[in-house]
Structure formats: C-alpha cells, structure tokens
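Only one structure is covered here, and it is reproduced in the block below.
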Amino acid sequence: MWRGRWRTAGSALVRVILVWAVSTLTMLALAGILPDFRLQSGDGDGDSITQIGLTAAWGAGAFGLLSALVWPVLVRALLLVPALVLGLLVFFLNGSLLLLALSLIPAGRGEVAPETAVVVAAVMSAVASATSTALAVRDDEAYRRRLYRLADRRRRRQGRAGARGAAGAAPGLVFLQLDGVGYEALRRASDSELMPTVRAWLDDSHRVASWRTDWSSQTGASQLGILHGSTFDVPAFRWYEKDTGEVVVCNRPTSAAELQRRAVERTGDGGLLTLDGASRGNLFSGGADQLALVLSVSARRGRANRSRAGYFAYFSDPANAVRTALSFVAEVAREVGQSVRARMRGEQPRVSRGGLYPLIRAFATVVERDVVVAAVIGDMLAGRAAVYADLVAYDEVAHHSGPSGRDTDRVLARLDRSLALIARVAEHAPRQYRLVLLSDHGQSPGETFLSRYGLTLKDLVRAGCGLPVSRRAGRTRSGAEARAAVLAALHRPVEEDEEAGPEPGSAPVVLASGNLGLISFPVVPGRASREWIERAHPALLATLANHPGVGFLLVDGVVLGPGGATARLDVPGEAEEFLAPFGPGAAGAVRRTDSFPHVADIMVNSAYDPRTGAVHAFEEQIGSHGGLGGEQGHPFLMWPKDLSDPGAELVGAESVHVVLRRWLREADGPQVPVGPGAASRPAEGPAEDPRPEGDTGGTLPPTGVPARDEIR
C-alpha cells in the first residue's frame, strides 16, 4: 500500500518538474524573441547564462503556482460574467498574473511590457497545458478520473431514460482473458507482488484453479470452445483440409468465420454472449451483438464489417490518441533495447526480433490493450450483462522473449494495472459487476527445433520421403495472434505463403502449430493409413519417430515412439502408459483428436523434458503452445467467491464454457438461451433457443446488416 502511494506521489512530482522545465525553456525562448520582455538586471551586464536560467525558472515557477492557486478563484468569482466578456478578460487576467510573477523575481531581473505580458502568458499557458496533458494521459489515475465523470453523466442519462443497467439490475459478468498466461505463471506473478491487483483478489475475493486444454493448446481451439461450446474438429492452429484443398488458420479472418459457423451449427446455439453481450478483441464473436476487434467478423466487407470500428471510436478522442501514441513509441524503444541487450549478453535460447516485430509487439501490448480496455469500460458504463475480452500482450511477448524473465514481467505488471483500472471503474458502473479472470492456454519454454537441430520439420519430412532438401534451412513464421490483428486493423488479407494453399504435386503438406506438427498427403483421399505411408515412404515414420526432437507420432489410431515403440488407442491402458510423461490426460486428448474428420495423416508432438518443462517449437518461438508438454496445457480460471465452485477438474474448453454459462444463469437467469438440464448436458449438444424463428442470435450478422459497435 505504502509502495503504491510513494509511486503515485513520485509520478506526480516528476510531472510537475517536467512541466516546470518546459515552461522555463518557453520563457527563455520568448525572452530571446520579444523585444519588450527581458530576464536580466536593468543594465544587462554581468548576468551569466546560469543567472538568466535561474531567473526564468523562478518566473515560470511563480507563474505556474499563481495560475494553480489564484486562477480557479478568479474563474469562480467571474462565473456570472457573460461568456464573451469572460473570454476577453481571460487574456488580461492571465497577463496580470505574469506581471505579478515577474515582480516576485529577486533583484528586479524580470520585466515585460503589459501588452507583451498578455502574449507571453498565453503562450506559456498553452505550452504548460499541452505538456501536462501529454504526461497525464499516460497516467491511469488521471484516465480513471476522466472515466468517472463519463460514468456520472451516463448514469444520469440512464436514470432519466430508464435504460438497462440502472439501479436494481442483476449483476453483470466481465470475463477478462489474459492470453497465454498459464496457471503457474499467474501464481508466480501474484506471489512475487508483480501483479498486486491479482494478489489482492486472491487474498480477499477470488479463487483460482487450473484447467486442462485439449491436445491443441492454442487460442483458436480454446476460445472457440469457451465462447461457442465446441472444439470439435479443431486439431491445431493450422491444418490442411483435403476435401476443400485449403489450409485453415485460426487467426485468418475467413477461417475464423468458418470455424464459428461450424461451432454454431454443431451446438445449435449462438454462443455465450448471445443476450446483451459484448465481444472485444477476440477471434470469435461468442454470439454478441456488440463487437469490436473481432476477427471472425473482419472477413466481411462494407457496412457489415464493424470489427475495426473500435479503433476509430477510441482514437477519435484526442486524449486517447496521445496516451496510446506515447506508449506505443515507448514500447517500440523498449523492445529494441531489450533485443539489443539480449544479443549483447548472448542469451539463449533466442529468436530473431527484428523487422516489423517491434511494431507488432507495440501494437499488441499497447494499442490493442488500450482499445480493448476502453471498450470493456464502455460496456460496463453502458450496463451490459456479459462482456468477454482478450488481452494478448503477454502471449505475444512470451513467444519471442520466453515465458518468464524481465520482458514478460513488465507486461504482466502493466496488465495488472489494466485490471486495477477496470475494477475501479466497475465501482462506478450503473450495475454491479463480477470480474472473472481466465486464460486460454499457457506457454512452455524451449529452444526452437530449427535452432536445436539445424533443420525445420518440413526439411526432416522431405528427407524421410527421399525428396530434395534445401541446403539453407528456412524458417517457419510465428503464428502469433497479434500479427493477424495488425493486418485486420490495416484492412489487409492474412493469407500468405504456403498457408494460402499447398502447391500442386505429390509432396506432403507440412504445417506447424507451436510444438505440434501436421503432415498431410494431398494425393490420398481421406486419411492415409499407416500401411500406405510405409509403402509410399518407407523411411518416413522411422525417421520422424527416432529423431531426438520428436516426442511421439499419431498415425491412423496408433501412437509411435522411438525404437519402434507403439501403442494402440483402442487398447485400454496402452496409450495412457505410453504418454504418461506428457502429463495427466494426454492419452485422452490424443484419442479425441484422432476422431476428428480433419486430423492430419501424421500428427507430430515435439520432445518434452519433464525436468525443465521445455519443448521444441516447430515455429520461431522460444515460448510456445499448441501441443502437449509443460505449462502450455494448464491455463487458469479465477472467479469471485460469490459464484458457485466450478467443481471437479475442468478438462477442455468446452467444460469451461459450461461453467461460464452456469455463472451467467446464477446472476439473474437465464442470461443466455439455455434449456432445462443444460448444466449436465454435453457442451456439444443443442440447447433450447427461445428466440423467434429467423433471429440470428448474435452470430455473424446477415450480409448488409451492420453489427452494432458501441465502444464508448
């Protein structure tokens, strides 16, 4: 507590000193330009530069102090003066304060003509105001006070209009997803006081538990399951579908829209946020009508696409623009400095952090964070019943800097301040809000497959197939969500390179999703059998299974390991024993993925070291997720104590969806269209929908019908 007060006081003192310094420089410049304004003794002889500078500092300080103390009293006394007359008086009163300030300078060193004093005072006030604003807009407390005023005005309007969210409304729920923050990472951050807000919640008002992802431990599968109740047939972050000849990529807008359509069709329900919900910064809409920065909607063109409207609504406020622009520049400089320091120290493992990455990181950790937080605050002030927002900052930095260390620690600290800001604003919202914190997956550290072994998974596959391998090892582009969000914000397509579709021919399609690799043979309709693979490419399976960077393979219902070890999924206990080193539930996750229609012909999970928790990503990531092994498969769920306990250990994002639906009903149900017995029904089963026929339920809006976006 005392540390926070000292930090606040220190921040305020720094702002005062900076404004004073800028005002001093402004006064010196004006004294050099204006003939009737001097900061020297009467004869001007013998005054050193230091004396002139001290005179300017004294005058600027006196003028600032008088403006702070006297000006509010003068304005209050002149409130009854007509506006036009007051506007004219402002200049003369300001000039009078400057004359008074200069008269306080010792030895009569300051002198200005009355008519010039008006000009000097006006310029100095403008410069001081601009400097103070530029510094204050990055201050959460100043930002919060401005939002409080907005909340008061909105609450008065709602009280007059009888709008929803007025007094007496049921509590709302705000779900805040900290992308990529695993259970252990959250625990370490809260125990070390890196996240004091989270620590305080755990001490007083919240509980936390870990849950297990499916084999595909990545945002696309987890968020689809959390928001839409189905992760069926999502085997990885990217995969090849033979029936269409296309590669599906979770962070590609067209793919996200298709995955959302399939989930809605399978469950028969629009999603978690169907009634009075808002979706902010997510891959999928969750059935919400209020959308901002939602990737599955950004595939649309024209008025129906409102995914980027959140940016325009946010930056239309000049204070927001200045706040975020300054933070953006600071973050770019911080990333460049951290990258240079890592190279100079020879830190390992390490990946390239050049090119556009500093800008992409700044976008994820600053722009998207600020826009999403502002959107959530706007939703609470509007009194919406359910809000789900994704903060991607940690995940993006962890991919390139590793899951733990100075870089990610600073990101977690800033995320904690965003949580504190949201919590403080919630106190002034027109209805009570319960804040639920959760993540979609964790992050596992480790040297990349390419860095450790000198070749990519694609190179290894081509060698095993007897195909030529490039002498120069290529790199697999990182599949982080932030890059797709940047392209969507700039209205540019995400399809690129081999992800747009494989080249024609008999060569296998090799794709990477963190430490999970997928190999498909386009020439074989349907899933290729083990016999066909061994006949067509006799050395491939042995080459892969015996490589030290590979943990295991899944081929046609059989798990393969080094030395010819095998385990059939349909034989009880075989897979459980074989996959035990990869953690509890590994066999069940692999068995479920094996049942997917679009599972790859060969699924490759990298090696995993249980002692260090390290894996080898097939992408350029030293903090990765997507497969089995380590903390990547153990995200967290943190909820207020006045909500019911989730129960037994949650396995899969679909089980998290069921819990979140139950919590929405507990507020003042049903907040989502759920039929009787839904809590015990499998998440993939259809739910009753009381809406009239023809209602889209808040999923993708019909073509030509804009989805509403109210960020403020």
Heavy atoms, side chains only, cut-off 4.5 Å: are Leu457 and Leu544 in contact? yes
Check whether any side-chain heavy atom of Arg341 lies under 4.5 Å from a side-chain heavy atom of Asp407, and answer yes or no. yes
Between Arg252 and Glu246, is the closest basic N to carboxylate O distance under 4.0 Å? no
Gap between atom CG of Asp390 and atom OG of Ser279 - 0.5 Å precision: 9.0 Å
Can you tell me how the ring of His537 sits relative to the ring of Trp532, calling it parallel under 30°, perpendicular over 60° and tilted otherwise? perpendicular
Non-hydrogen side-chain atoms of Pro508 and Phe521 separated by less than 4.5 Å: yes
Val461: which of Ile602, Leu540, Val469 passes side chain to side chain contact (heavy atoms under 4.5 Å, CB included): Leu540
Expected output: side-chain Tyr394 to main-chain Pro403 donor-acceptor under 3.5 Å: yes
Taking the side chain as every heavy atom from C-beta outward, state whether Leu628 and Tyr608 have any atom pair closer than 4.5 Å. no
Could you report the tightest heavy-atom contact between Ala589 and Asp214, atom names first, then the distance? CB-C, 4.3 Å
Show me, pair by pair, the donor-acceptor contacts under 3.5 angstrom made by side chains of residues 575-587, not counting sequence neighbours?
unit_1 : atom_1 : unit_2 : atom_2 : d
Glu576 : OE1    : Gly573 : N      : 3.4
Glu576 : OE2    : Arg591 : NH1    : 3.3
Glu576 : OE2    : Arg591 : NH2    : 3.3

Looking at Ser230 and Ala263, would you say the former's side chain and the latter's main chain have a donor-acceptor pair under 3.5 Å? no
Side chain to side chain donor-acceptor pair (under 3.5 Å) with Arg361: of Gln338, His400, His399, only one passes, and it is Gln338
Counting N and O atoms only, with roles assigned by atom type, does the side chain of Lys242 sit under 3.5 Å from a partner on the main chain of Gly526, one being a donor and the other an acceptor? yes
Contact check, side chains of Trp239 and Val247, non-hydrogen atoms, under 4.5 Å: no
Quick check against the 3.5 Å criterion: does Asp233 have a side-chain atom that pairs as donor or acceptor with the backbone of His598? yes
Check: Gly626 main-chain N/O paired with Ser217 side-chain donor or acceptor under 3.5 Å: yes
If I compare all heavy atoms of Phe284 with all of Val294, which pair ends up nearest, and what's the gap? C-CG1, 3.6 Å
Rounded to the nearest 0.5 Å, how far apart are CD of Gln218 and CD of Gln223? 10.0 Å
Are Arg266 and Glu654 close enough for a salt bridge, meaning some N to O gap below 4.0 Å? no
Mind running side chain to side chain donor-acceptor pair (under 3.5 Å) on Thr365 and Glu396 for me, showing each step along the way? CA-CA 8 Å; Thr365 58; Glu396 177 61 31; over 6 Å; no
Hey, are the side chains of Thr219 and Gln177 touching, using non-hydrogen atoms and a 4.5 Å cut-off? yes
With side chain to side chain contact (heavy atoms under 4.5 Å, CB included) as the criterion, how do Leu554 and Leu569 come out once you've worked through the C-alpha distance, each side chain's angles and the decisive distance to 0.1 Å? CA-CA 10 Å; Leu554 171 63; Leu569 294 176; 3.7 Å; yes
Step by step, would you call Ser513 with Leu518 a side chain to side chain contact (heavy atoms under 4.5 Å, CB included)? CA-CA 8 Å; Ser513 296; Leu518 296 89; 4.1 Å; yes
Could you tell me the separation between the CG atom of Leu283 and the CG atom of Leu293, rounded to the nearest 0.5 Å? 11.5 Å
Working to the nearest 0.5 Å, report the span between NE2 of His547 and NE2 of His616. 9.0 Å
Roughly how far, to the nearest 0.5 Å, is OG1 of Thr566 from CZ of Arg530? 6.0 Å
Heavy atoms of Gly446 and Ala614 approach each other most closely as CA-CB, 4.1 Å
Under 3.5 Å, is there a donor-acceptor pair between the side chain of His228 and the main chain of Gly286? yes
Taken to the nearest 0.5 Å, the spacing of Leu438 CG from Tyr388 OH works out to 4.0 Å
Step by step, work out the side chain to side chain donor-acceptor pair (under 3.5 Å) result for His625 and Asp395. CA-CA 10 Å; His625 56 88; Asp395 189 63; 3.3 Å; yes
Sub-3.5 Å donor-acceptor pair from the side chain of Ser451 to the main-chain atoms of Thr448, do we have one? no
So which heavy atom on Pro445 is nearest to which on Thr612, and how close? CG-O, 4.5 Å
Locate the shortest heavy-atom distance separating Pro572 from Asp570; write the atom from each residue and the value. CD-O, 3.6 Å
Would you mind telling me which of Phe552, Phe596, Phe237 makes a ring-ring contact (aromatic ring centres under 6.0 Å, His included) with Trp215? Phe552
If only atom types and distance count, is the side chain of Ser439 paired as donor or acceptor with the main-chain N or O of Val181 below 3.5 Å? yes
Under the rule for side chain to side chain donor-acceptor pair (under 3.5 Å), what residues qualify as partners of Arg262, not counting sequence neighbours? Glu241, Glu258
For Ser624 and Asn515, does a side-chain donor sit closer than 3.5 Å to a side-chain acceptor? no
Heavy-atom closest contact (Trp211 atom, Ser222 atom, distance): CH2-OG, 4.1 Å
Please walk me through it: do Arg353 and Ser401 pass side chain to side chain contact (heavy atoms under 4.5 Å, CB included)? CA-CA 9 Å; Arg353 293 161 62 172; Ser401 300; 3.5 Å; yes
For Gly442, is there any backbone N or O sitting under 3.5 Å from a side-chain donor or acceptor partner on Glu631? no
Heavy-atom side-chain proximity of Met603 to Ile519 below 4.5 angstrom: no
Salt bridge check: are Arg535 and Glu531 linked by an N-O gap of less than 4.0 Å? no
Is it the case that the side chain of Ser339 and the backbone of Val336 share a donor-acceptor pair, with hydrogens and angles ignored and the cut-off at 3.5 Å? no
A side-chain contact here means heavy atoms from C-beta on lying under 4.5 Å apart; do His657 and Thr231 qualify? no
Any side-chain donor-acceptor pair under 3.5 Å between Glu620 and Ser352? no
In sequence, state the C-alpha distance, the side-chain angles, and the governing distance for Arg527 and Asp601, and then conclude on side chain to side chain contact (heavy atoms under 4.5 Å, CB included). CA-CA 6 Å; Arg527 191 175 183 184; Asp601 295 329; 3.8 Å; yes
